[in-house]
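All values reported here derive from a predicted model rather than from experimental measurement. Letters A, B, ... are given to chains in the order of the sequence lines, protein chains preceding strands, and every chain is numbered from 1.
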Number of protein chains: 2
Amino acid sequence: MPKLKTKDKHIKKLAEIVKGPNSILYLKEDLLAYDCDGFTIHKHLPKAVVFPKDTEEVAAIVKYCDANNLPFLARGAGTGLSGGAIPLNGEVIISLVRMKRLISVDTENRRAVVEPGFVNLKLTNSISDRGYYYAPDPSSQYCCTIGGNVAENAGGAHCLKYGVTTNHILGLEVVLPNGEIIEISSDGIPDAPGYDLLGILTGSEGTLGIVTKITVRILKNPEEKQTVLAYFDKVSDGSHAVSDIISAGIVPAALEMMDKIAIEAVEAAAFPVGHPKDIEALLLIEVDGVSAGIDEQINQILEVCKRRNVREVKVAQDEQERGRWWANRKTGFGAMGAISPDYLVQDGVIPRSKLPEVLGRINQISEEFGLRIANIFHAGDGNLHPLVLFDAKKPGDTDKALKAGSACLKVCADVGGSITGEHGVGIEKKEEMRFIFSDEEIMAQTNVREVFNPNNLLNAGKLFPTPGRCIEMKSDVNEPLSS
Amino acid sequence: MPKLKTKDKHIKKLAEIVKGPNSILYLKEDLLAYDCDGFTIHKHLPKAVVFPKDTEEVAAIVKYCDANNLPFLARGAGTGLSGGAIPLNGEVIISLVRMKRLISVDTENRRAVVEPGFVNLKLTNSISDRGYYYAPDPSSQYCCTIGGNVAENAGGAHCLKYGVTTNHILGLEVVLPNGEIIEISSDGIPDAPGYDLLGILTGSEGTLGIVTKITVRILKNPEEKQTVLAYFDKVSDGSHAVSDIISAGIVPAALEMMDKIAIEAVEAAAFPVGHPKDIEALLLIEVDGVSAGIDEQINQILEVCKRRNVREVKVAQDEQERGRWWANRKTGFGAMGAISPDYLVQDGVIPRSKLPEVLGRINQISEEFGLRIANIFHAGDGNLHPLVLFDAKKPGDTDKALKAGSACLKVCADVGGSITGEHGVGIEKKEEMRFIFSDEEIMAQTNVREVFNPNNLLNAGKLFPTPGRCIEMKSDVNEPLSS
């Protein structure tokens with residue numbers, strides 16, 4: 001067994017817990033890869049990165065950190081977009097990528113058990129031959145882990161009909177911040193007894209505990225899928241079509257919208273499909289279910305689009321065409337790189353009926369800050385992704401982009417919406433929490449954190465704003481360190 | 001203004017808060033109606049019952065109780081089946097029946113806002129002319145309140161497809177146990193920022209706060225419904241048919257099962273429909289959605305039933321016939337009165353695949369205790385309702401029934417299920433919580449309660465078992481007083 005190149009007693013002890021130097025990183029050059037996640041604006045080096053192989057090792061690491069006052073946090077694939085896995089306080093990072101087993105699949109009761117490092121898309125790939133799939137499909141699903149999905153309550157294009165991660169979690173094994181291991185489970189029970197700890201853990205952004213085992217719901221593949229692509233000369237017609245489809249009583253599996261700048265970007269990126277460049281909006285609509293009902297729904301959707309002055313509308317002729325449309329859509333964020341040196345993705349939510357108003361106000365923000373803003377969104381559930389385009393090399397541009405992004409979220413909050421639909425709050429949107437929560441409401445939440453995480457060693461300084469003068473906290477919240 | 005017939009200073013002060021003697025009950029003869037709810041085995045008189053008219057009055061009552069160390073709890077229609085509204089500690093009952101306004105309906109964004117005393121079925125009745133309805137449909141829906149539904153996370157026959165109450169709550173205004181008013185809202189957002197307080201409040205059985213305003217999701221009426229009735233000679237064939245229907249990828253709106261004794265009871269009660277008395281099981285299956293898909297699903301269901309040796313299977317010919325079948329089913333619990341002096345309803349949940357095994361074991365329990373047990377259940381989601389028939393006048397029979405009921409729950413827990421599907425824990429199933437939770441897991445929950453409810457004045461002695469010797473609590477849990 002190679003020797004450790006350090007005299008740090010904590011590193012030595014942690015290496016013992018994970019049984020050897022191959023399961024721990026502690027040299028600066030190794031730690032650099034862990035100084036941020038998918039939110040790259042803040043960075044900070046961790047103290048170390050450990051790679052436990054099972055729940056017992058995780059619990060032992062946590063107990064050691066707790067006893068020695070070492071801050072710590074859990075990390076999956078590091079694809080989070082709001083900075084939830086950034087070691088702001090020089091945390092010991094507990095990487096869960098080696099806990100990546102598919103433990104069991106029970107098709108009869110429609111559930112599967114996975115370890116947290118298991119990659120999202122691998123689950124569907126592992127069960128598709130039996131006719132099943134796992135519904136939540138974030139765009140990063142080919143590499144993000146289900147543990148990370150639980151932490152962030154991840155969404156995806158198909159969450160309109162099937163719900164986000166929290167709707168698919170049936171049970172969790174959790175290591176609490178004191179190292180205790182608990183199991184919480186609804187086992188698919190409609191109304192599980194006791195408090196909904198499963199709900200509060202899911203989407204708690206790694207601040208309440210570390211998930212070490214996950215029971216998920218799996219779904220039967222729908223008998224048929226049909227996909228429609230519709231081009232609109234006016235954004236307002238596209239927005240109204242969205243509302244009309246939902247009002248008609250149809251719940252599409254997905255209902256996506258892209259505006260003119262977004263279309264310019266995806267057509268310049270890896271999977272162009274020949275969208276016209278002079279349209280203001282396109283809709284990508286997917287319907288699934290038993291075959292017999294599909295055609296009628298598709299006809300209704302085509303009717304709605306025509307009533308709303310669609311320029312062109314077509315149904316995918318085969319799985320290849322459908323696949324091309326989706327690949328084009330899923331390049332969305334990354335495609336911005338083709339038309340701008342840098343971009344900042346925001347994640348607001350609004351009542352569907354406010355779509356035209358909010359798009360108008362985002363347009364004003366774009367003019368005010370002199371920055372282009374592209375819009376890609378899960379229109380069906382009103383989840384906007386304004387993409388603020390900027391150039392980090394231009395002095396002041398990054399700051400302007402951050403302010404423009406925040407202004408977009410303010411608009412969402414002001415029309416009765418919210419500041420995140422699926423990317424989480426993390427570091428990025430802590431201050432924007434004040435747009436929607438009062439001091440009392442924030443304190444009701446930080447008090448819950450304190451129960452689980454009384455020493456605030458687990459992922460401190462995330463999710464909630466630093467308390468203002470007017471709010472008295474029961475314990476200090478660690479201030480994020482600047483990078 | 002008539003004078004109060006008491007010198008009790010607390011009663012006088014509470015009467016002032018609710019502005020007069022017409023909004024408070026405090027004489028023993030008036031209080032008797034409030035000594036229990038739908039769970040009639042434990043009884044205790046409250047100190048008083050107050051009838052606030054708005055949130056501010058609720059908050060003022062709560063602040064007064066908190067400052068004066070008076071236990072208190074909230075009550076809706078008193079239809080709860082697990083004793084959640086029983087004033088075990090001589091509580092001040094805050095009755096919410098006068099807060100019964102339908103505040104607003106927003107069909108475009110599919111939401112409605114109601115006060116907690118608004119009756120469940122009234123919501124559907126108020127919006128059906130616009131083509132909408134409210135999905136959760138407990139059998140008591142004609143009289144239970146939506147506030148009570150939130151407290152208990154109520155289910156219903158149609159929750160298989162549409163989910164229970166928690167899936168339909170978009171926002172809550174809550175008076176915390178210290179009298180603070182907070183708003184928590186997802187506003188229909190897929191992944192709301194912060195912790196899922198909405199989830200933890202919903203189903204917390206009135207132990208964390210008092211809900212004073214509720215934003216619910218409303219749904220568009222399905223275009224069509226079709227209902228199937230199937231008679232089986234063998235319970236096992238009926239059970240397998242349930243699994244086969246789900247495996248075929250169909251998600252029925254409802255999938256109900258009744259066994260021989262249950263059929264005997266409903267046929268002897270108010271709405272007999274002529275079910276044969278020599279069958280072992282019947283299934284009532286409803287499918288809804290867009291018209292085009294329905295016939296094919298119905299054909300698949302008929303096929304499954306035939307493959308599973310159904311004796312007779314038929315589709316409701318019109319809305320009248322459908323209505324008669326449902327009225328017959330919904331008399332279920334009450335109908336037991338036609339064949340037994342007393343009955344105890346239980347509420348367990350099991351993985352669907354364990355149905356035949358669990359029914360066999362319930363049969364053994366019935367023989368062992370010498371008590372008949374009828375089974376009515378939401379078979380689609382494995383939610384059993386064993387109805388233990390007994391005669392309270394026979395010495396020892398009540399105790400035997402309680403033990404038999406508990407034994408049924410133990411069976412459910414042992415096969416990987418749970419001890420309540422929709423009726424809650426309340427007083428009734430506190431001890432049975434130990435079947436599924438370890439001491440640590442119970443403490444993780446009571447610690448959460450303590451954050452919201454540090455003085456434990458709100459609805460104490462419910463939901464969790466009294467801690468055993470091996471568990472050290474941060475605060476005492478009030479012991480229930482015997483009645």
Ring centre gap for B:Tyr195 and A:Phe452 strictly below 6.0 Å
no
Given B:Leu208, B:Ile181, B:Ile294, the one with more heavy-atom pairs under 4.5 angstrom with chain A than any other is B:Leu208
Residue set satisfying side chain to side chain contact (heavy atoms under 4.5 Å, CB included) with A:Asn109, at least two apart, ordered chain then number -> A:Asp106, A:Arg111, B:Pro351, B:Arg352, B:Ser353
Whatever's closer than 4.5 Å to a heavy atom in chain A on B:Leu463 counts as side chain
Bottom line for B:Glu223: the part with an atom under 4.5 Å from chain A's heavy atoms is side chain
Given the options A:Asp196, A:Asn153, A:Val448, B:Asp196 meets side-chain contact (heavy atoms from CB on, under 4.5 Å) only with A:Asp196
Closest non-hydrogen atoms of B:Val425 and A:Gly194, given as atom of the first, atom of the second and distance, are CG2-N, 4.3 Å
Residues at least two apart in sequence or cross-chain that pass ring pair (Phe, Tyr, Trp, His ring centres under 6.0 Å) with B:His168, listed by chain then number, are none
Answer key: most heavy-atom pairs under 4.5 Å with chain B among A:Thr207, A:Ile250, A:Val251 is A:Thr207
Greatest number of non-hydrogen atom pairs under 4.5 angstrom with chain B, of A:Glu441, A:Lys354, A:Met433, falls to A:Glu441
Under 4.5 Å to a heavy atom of chain B? For A:Glu432 that would be neither
Looking only at atom types and distance, does a side-chain atom of B:Lys220 sit under 3.5 Å from a main-chain N or O of A:Ser247, one as donor and one as acceptor?
yes
Is there a side-chain contact (heavy atoms from CB on, under 4.5 Å) between A:Gln445 and B:Leu197 once you walk through the steps?
-> CA-CA 8 Å; A:Gln445 302 189 64; B:Leu197 294 189; 3.5 Å; yes
About how many Å separate [atom2] of [Y] and [atom1] of [X], when rounded to the nearest 0.5 Å?
X: A:Asn447; Y: B:Leu176; atom1: CG; atom2: CG; value: 9.5 Å
X: A:Glu108; Y: B:Ile246; atom1: CD; atom2: CD1; value: 12.0 Å
X: B:Ile184; Y: A:Ile436; atom1: CD1; atom2: CD1; value: 12.5 Å
X: A:Glu183; Y: B:Ser438; atom1: CD; atom2: OG; value: 9.0 Å

